[in-house]
Amino acid sequence: MFFKKKSTFTSKNLKNHHLIDKLKLIAGEKNTITNPAKMGLYCNGFRYGSGKAIAVITPEHILDQWNVIKTCVEANVIIIMQAANTGLTGGSTPDGNDYDRDIVIVNTMKMKKIYIINNGEQVICLPGATLNELEQKLKSYHRDPHSVIGSSCIGASIIGGISNNSGGALVQRGPAYTEMALYAQYTQEGKLELVNHLGVDLGNTPEEILNRLDRGNFDINHIKPADKCCSDHHYKEHVCEVDASTPARFNADPNHLYEASGCAGKLAIFAVRLDTFPQEKETQVFYIGTNDPNDLSNIRYEMLSKKIVPISGEFIHQDAYNIAAVYGKDTFIFINYLGTAHIPQLFALKNRFDFIANQIPFFPKHFSDKAMQLFSKFFPQHLPERMNNYAKKYKYHLLLKIGKNDIKSVRSHLNSYFKNKPSASFFECTPEEGRKAFLHRFAIAGAAIRYRNVHTDVVENILALDIALRRNDKEWVEHLPHDIEAPILHKIYYGHFFCHVFHQDYVIKKGNDVFALEDKMLKILDQRGAEYPAEHNVGHLYHAKDTLKNFYKKLDPCNSFNPGIGKTSKQKNWAEK
């Protein structure tokens, strides 16, 4: 028995060795990582999730990506497609080590090409292109991508957003969505097929199609008009249905599950075709503060029922404002002085340093966070005085960014509404105040993580929920029972108020079971008719509901791509243990 086991183990090692040799021939030795120390950056999630892989491949060309995937399929190994690995629910890394096959991670970030088509009204993006890079490329066309602040600042990929139906702060645009993509699918018959739904004639064979796209060997000026949607064309009307008893957007919404859109890595995507959006030439930010949450409900209801849709409508709770003022200060300062272009490199450098530092026994855990937090104290006050005054007076803050055509009517409405309200007020931001208000809103997203990393002695972990409330839900302020409230140090509430999508980060006291607490919270959300997750997708934190699970099964019937997503089966052909 002993020698038989040893022989089997050796045989498996030999098989993996042959596979890795083949992958090296395809992608190159420098793009094939097998050293566990170097693989850690890819095997560990940005906030959650980790597991083992036998190799990480970082192809430089999409034809190499195809051949890597084809080789892995033939070797019967699991493929996890990964881009920037900035997800918050661990959806692009392994989750534990209880898979029935070995894992190869294919990281796509070296394939960054972006083709501007149709006079800048659309783009075709390869899998490593980021939102930040697209934003820079579109500036000369005076157009914007789907999202321009938030994930774009930390290097999130465009295709990652499409794969997860990611949302964002821009009310009129809805979740990231397209029906036009180029992708590989592993069919029930055990065949790897390349599907070209880009609406661009690139040839017939996978080799011809992928080579031509990679080299730009097609006529950009003569691409046929899109015959399918490259963004959600109906969301602006949908979000205005304020009396509807369903949420405006959430990850399992069947209206946004289409091939690459929402696939969560169950397909291997090579390119997507997307709409871009005209830049607003004149905008005004209104900053609202109140101690009565009904004021914000009324403003949202009045505006949307009259089809006045702001560019952004962001909510910040007083506690979130104050925690981010301290623990999001360095993020704010970096972006304020360096802009968004350098932020991806800074985050990548920090992640690499953290990974190396964690291997050194005498280094304190989360050393970079503690150092950056100390560093931030030497900078003067970074937030505008009027905002800070509101943070002292009001519990609930709303940031409204309004386009040129609606500025006068919104100004008139707010003046009338707040005329006789001593417990609430608003002011019109200067351009500098408006920019800093939204930058502070962005900094809140990482403040809870920073707080946890600095205060590991009193914090167990962060429980982070992103939820979509019903569009007609006016009772949006959360009231928790005592048994759930007691283990919480801080509640950090913020979100996309006009979409009724809220991010709720709970800092949990040391010694408490975070997952048990999450189960209790999710039951309350079920009773409220909420949907979750709203925009970060299920990853390995949430159970995929039947609609989403069936979508995954349809895309990947053999369960070879990213198995286990949404707490589904990790076994081949979706078998249960």
Side-chain angles (χ1 to χ4, degrees), residues 62 81 83-84 87 91-92 108 111-135 137-138 141 143-148 150-152 156-168 170 172-185 194-202 209-210 213 218 220 223-236 238 249-278 535 537 548 551-552 554-555 561:
I62 51 177
M81 302 301 306
S92 58
T108 62
M111 299 171 286
K112 292 181 171 292
K113 289 180 182 174
I114 297 171
Y115 300 108
I116 311 290
I117 63 173
N118 299 334
N119 299 313
E121 292 182 6
Q122 288 189 323
V123 291
I124 293 174
C125 304
L126 268 55
T130 67
L131 282 163
N132 183 267
E133 290 159 349
L134 179 55
E135 186 180 341
K137 277 185 173 288
L138 289 173
Y141 293 87
R143 298 184 74 85
D144 284 327
H146 169 266
S147 180
V148 295
S151 347
S152 59
S157 72
I158 295 159
I159 284 181
I162 292 294
S163 297
N164 292 302
N165 283 144
S166 298
L170 301 175
Q172 301 172 12
R173 299 180 193 174
Y177 180 75
T178 187
E179 296 171 0
M180 304 189 78
L182 174 65
Y183 59 87
Q185 182 173 31
L194 186 69
V195 180
N196 181 10
H197 287 166
L198 284 177
V200 182
D201 183 7
L202 295 165
I209 291 168
L210 295 168
L213 181 61
F218 57 96
I220 289 177
I223 290 176
K224 296 175 184 176
D227 59 350
K228 295 179 180 177
C229 293
C230 294
S231 63
D232 184 347
H233 294 178
H234 308 291
Y235 187 77
K236 190 173 178 179
H238 180 72
R249 57 179 172 89
F250 56 98
N251 285 130
D253 184 351
N255 295 315
H256 293 126
L257 300 176
Y258 187 94
E259 296 180 353
S261 295
C263 74
K266 302 302 284 183
L267 300 172
I269 307 172
F270 298 94
V272 292
R273 180 170 169 177
L274 301 170
D275 291 332
T276 67
F277 304 86
E535 59 184 18
N537 218 343
L548 200 55
F551 177 64
Y552 293 158
K554 180 181 176 183
L555 294 181
F561 288 89

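All values reported here derive from a predicted model rather than from experimental measurement.
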message: Working to the nearest 0.5 angstrom, can you tell me the gap between I223 CD1 and I117 CD1?
response: 4.0 Å

field: Donor-acceptor contact present, side-chain T276 to main-chain P145, <3.5 Å
entry: no

message: Let me confirm one number: the CG-CG distance from L126 to L182, rounded to the nearest 0.5 Å.
response: 8.5 Å

- prompt: Is the closest side-chain heavy-atom distance between S157 and T108 below 4.5 Å?
  reply: no

- request: Locate the shortest heavy-atom distance separating C263 from I269; write the atom from each residue and the value.
  value: SG-CD1, 3.8 Å

field: Any donor-acceptor N/O pair, H146 side chain to G174 backbone, under 3.5 Å
entry: yes

Atom pair CD/OG of E135 and S147 - distance to nearest 0.5 Å: 8.5 Å

Minimal non-hydrogen separation, P127 against I62, with atom names: CD-CG2, 4.0 Å

message: Main chain of R273, side chain of T178: is a donor-acceptor contact present, judged purely on distance under 3.5 Å?
response: yes

message: I'd like to know if the side chain of S261 reaches the main chain of L257, judged simply by a donor and an acceptor atom lying under 3.5 Å from each other, with no hydrogens or angles considered.
response: no

task: I would like to know whether N119 and Y141 meet side chain to side chain contact (heavy atoms under 4.5 Å, CB included); could you show each step before the answer?
output: CA-CA 8 Å; N119 299 313; Y141 293 87; 5.8 Å; no

Determine all donor-acceptor pairs shorter than 3.5 Å in which one atom belongs to a side chain in residues 224-231; sequence neighbours excluded.
from, atom 1, to, atom 2, distance (Å)
K228, NZ, Y258, OH, 3.1
S231, OG, D275, OD2, 2.7

field: Polar side-chain atom of D253 near backbone of N255 as donor-acceptor pair, under 3.5 Å
entry: yes

Residue pair L138 / D144, side-chain heavy-atom distance below 4.5 Å: no

field: Pi-cation contact, Y235 with R173 (under 6.0 Å, within 45°)
entry: no

field: Note, Q122 side chain near L274 side chain (heavy atom, < 4.5 Å)
entry: no

Short side-chain to backbone donor-acceptor contact, Y177 and S166, under 3.5 Å: no

query: Do you know the tightest heavy-atom contact between A176 and G161?
result: CB-O, 3.7 Å

query: With no hydrogens and no angle check, is any side-chain donor or acceptor of Q185 less than 3.5 Å from a backbone partner on L194?
result: no

query: Does a donor on one side chain sit under 3.5 Å from an acceptor on the other, for H197 and E259?
result: yes

field: Under 3.5 Å: donor-acceptor pair, side chain of N251, backbone of N164
entry: yes

- request: For F561, check ring-ring contact (aromatic ring centres under 6.0 Å, His included) against everything at least two apart and list the hits.
  value: none

message: By the salt bridge (Lys or Arg N to Asp or Glu O under 4.0 Å) test, which pairs, at least two apart or in different chains, include something from residues 113-130?
response: K113-D214

field: side chain to side chain contact (heavy atoms under 4.5 Å, CB included) evaluation trace for Y115 with V123
entry: CA-CA 6 Å; Y115 300 108; V123 291; over 6 Å; no

message: Between L213 and F218, is the side chain to side chain contact (heavy atoms under 4.5 Å, CB included) condition met? List the steps.
response: CA-CA 7 Å; L213 181 61; F218 57 96; 3.8 Å; yes

field: N165 CG to L548 CG distance, which is reported to the nearest 0.5 Å
entry: 9.0 Å

field: Atom pair CG/CG of L210 and N196 - distance to nearest 0.5 Å
entry: 9.0 Å

task: Output the distance between atom CG (N132) and atom CD1 (I158), rounded to the nearest 0.5 Å.
output: 10.0 Å

